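Accompanying notes for the structure given below.
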Amino acid sequence: MGIIIFRESEEKKIITDDDPKDIRPVIAIGTVELYNVRPGCQIFILDSSDGSLTDDFTLIAVKKLSPQYIVHSLERTYEDDTVIVTYLRNNGMNKPGYVKIK
């Protein structure tokens, strides 16, 4: 079981990668910390509470198991050995506070 921590300053919300659910509210998200999150896990970080992909969102796709990995920016698209981060912009991320795990 991997652990995903959504963090904004001192606030944080912890969920696991083996508990996929529909859209769930979390705190406003600044960074995402991944601890042993399973390869193939998809983490959608959404601006919209209804899960609309027509508003801004970021998708973090885990490629490789890693003991610790931090996504520092949700408004940048990049790929490395561990993750693919895809940011799709509409009008700019406000305070993204909703996630969906697949």
Side-chain angles (χ1 to χ4, degrees):
M1 168 179 63
I3 296 172
I4 305 165
I5 300 176
F6 301 95
R7 189 179 296 274
E8 177 62 35
S9 300
E10 297 301 315
E11 290 186 78
K12 67 181 177 182
K13 173 74 176 179
I14 301 170
I15 61 176
T16 62
D17 68 350
D18 65 346
D19 185 22
K21 290 186 178 175
D22 286 333
I23 310 310
R24 68 177 98 189
V26 293
I27 60 170
I29 302 166
T31 60
V32 180
E33 300 173 22
L34 309 174
Y35 296 91
N36 296 309
V37 174
R38 64 183 160 76
C41 182
Q42 294 181 321
I43 304 159
F44 290 85
I45 299 159
L46 308 158
D47 236 6
S48 174
S49 62
D50 67 1
S52 171
L53 299 181
T54 59
D55 201 352
D56 302 274
F57 73 94
T58 299
L59 169 60
I60 301 169
V62 179
K63 294 169 51 177
K64 182 173 87 174
L65 189 69
S66 177
Q68 177 183 14
Y69 187 91
I70 298 175
V71 177
H72 292 283
S73 174
L74 301 178
E75 295 185 87
R76 183 170 77 94
T77 296
Y78 71 93
E79 179 175 356
D80 61 24
D81 290 342
T82 305
V83 297
I84 301 170
V85 177
T86 305
Y87 171 56
L88 292 162
R89 179 181 165 80
N90 178 13
N91 59 0
M93 288 277 223
N94 295 321
K95 287 197 171 198
Y98 301 92
V99 299
K100 182 172 185 163
I101 310 294
K102 286 186 172 185

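Just so it is clear, the structure is predicted and the values come from calculations on it, not from any experiment.
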Apply side-chain contact (heavy atoms from CB on, under 4.5 Å) to residues L46 and V99 and explain how you reach the verdict. CA-CA 6 Å; L46 308 158; V99 299; over 6 Å; no
Using modelled atom types and a 3.5 Å cut-off, is there a donor and acceptor pairing between side-chain atoms of Q42 and backbone atoms of A61? no
Partner residues of K64 under the side-chain hydrogen bond (donor to acceptor under 3.5 Å, both in side chains) criterion, sequence neighbours left out: none
Contacts of I5 that satisfy side-chain contact (heavy atoms from CB on, under 4.5 Å) - sequence neighbours left out: I3, R7, K12, I14, E33, Y35
Can F57 and I45 be said to form a side-chain contact (heavy atoms from CB on, under 4.5 Å), step by step? CA-CA 6 Å; F57 73 94; I45 299 159; over 6 Å; no
Can you name the residues that form a side-chain hydrogen bond (donor to acceptor under 3.5 Å, both in side chains) with E10, not counting sequence neighbours? none
Side-chain donor or acceptor of T16 paired with backbone N/O of G2 under 3.5 Å: no
Could you give me the CA-CA distance, side-chain angles and deciding distance for T77 and V85, then say whether side-chain contact (heavy atoms from CB on, under 4.5 Å) is met? CA-CA 5 Å; T77 296; V85 177; over 6 Å; no
Going from OH on Y69 to OG1 on T82, what distance comes out if it is rounded to the nearest 0.5 angstrom? 6.0 Å
Applying side-chain contact (heavy atoms from CB on, under 4.5 Å), run through V83 and Y78 and close with a yes or a no. CA-CA 8 Å; V83 297; Y78 71 93; 4.1 Å; yes
Hey, what else clusters with I84 if you join Ile, Leu, Val, Met, Phe, Trp, Tyr whenever side-chain heavy atoms sit under 4.5 Å? none
Partners meeting side-chain hydrogen bond (donor to acceptor under 3.5 Å, both in side chains) with D81 (sequence neighbours left out): none
Which distance, rounded to the nearest 0.5 Å, do you find between the CD1 of I4 and the CG of N36? 11.5 Å
If I take atom CD from residue E75 and atom OH from residue Y87, how far apart are they, to the nearest 0.5 angstrom? 4.0 Å
Partners of V62 by side-chain contact (heavy atoms from CB on, under 4.5 Å), sequence neighbours excluded? L34, V37, C41
For the residue pair D80 and K63, what are the closest heavy atoms and their distance? O-NZ, 2.8 Å
One should read off an interatomic distance between L88 CG and D56 CG, to the nearest 0.5 angstrom, of 9.0 Å
How far does CD1 of I43 sit from CD1 of I101, to the nearest 0.5 angstrom? 5.0 Å
Spatial distance of atom CD (E79) from atom OG1 (T86) [nearest 0.5 Å]: 8.5 Å
Please report the shortest heavy-atom distance between R38 and K102, naming the atom on each side. NH2-O, 3.1 Å
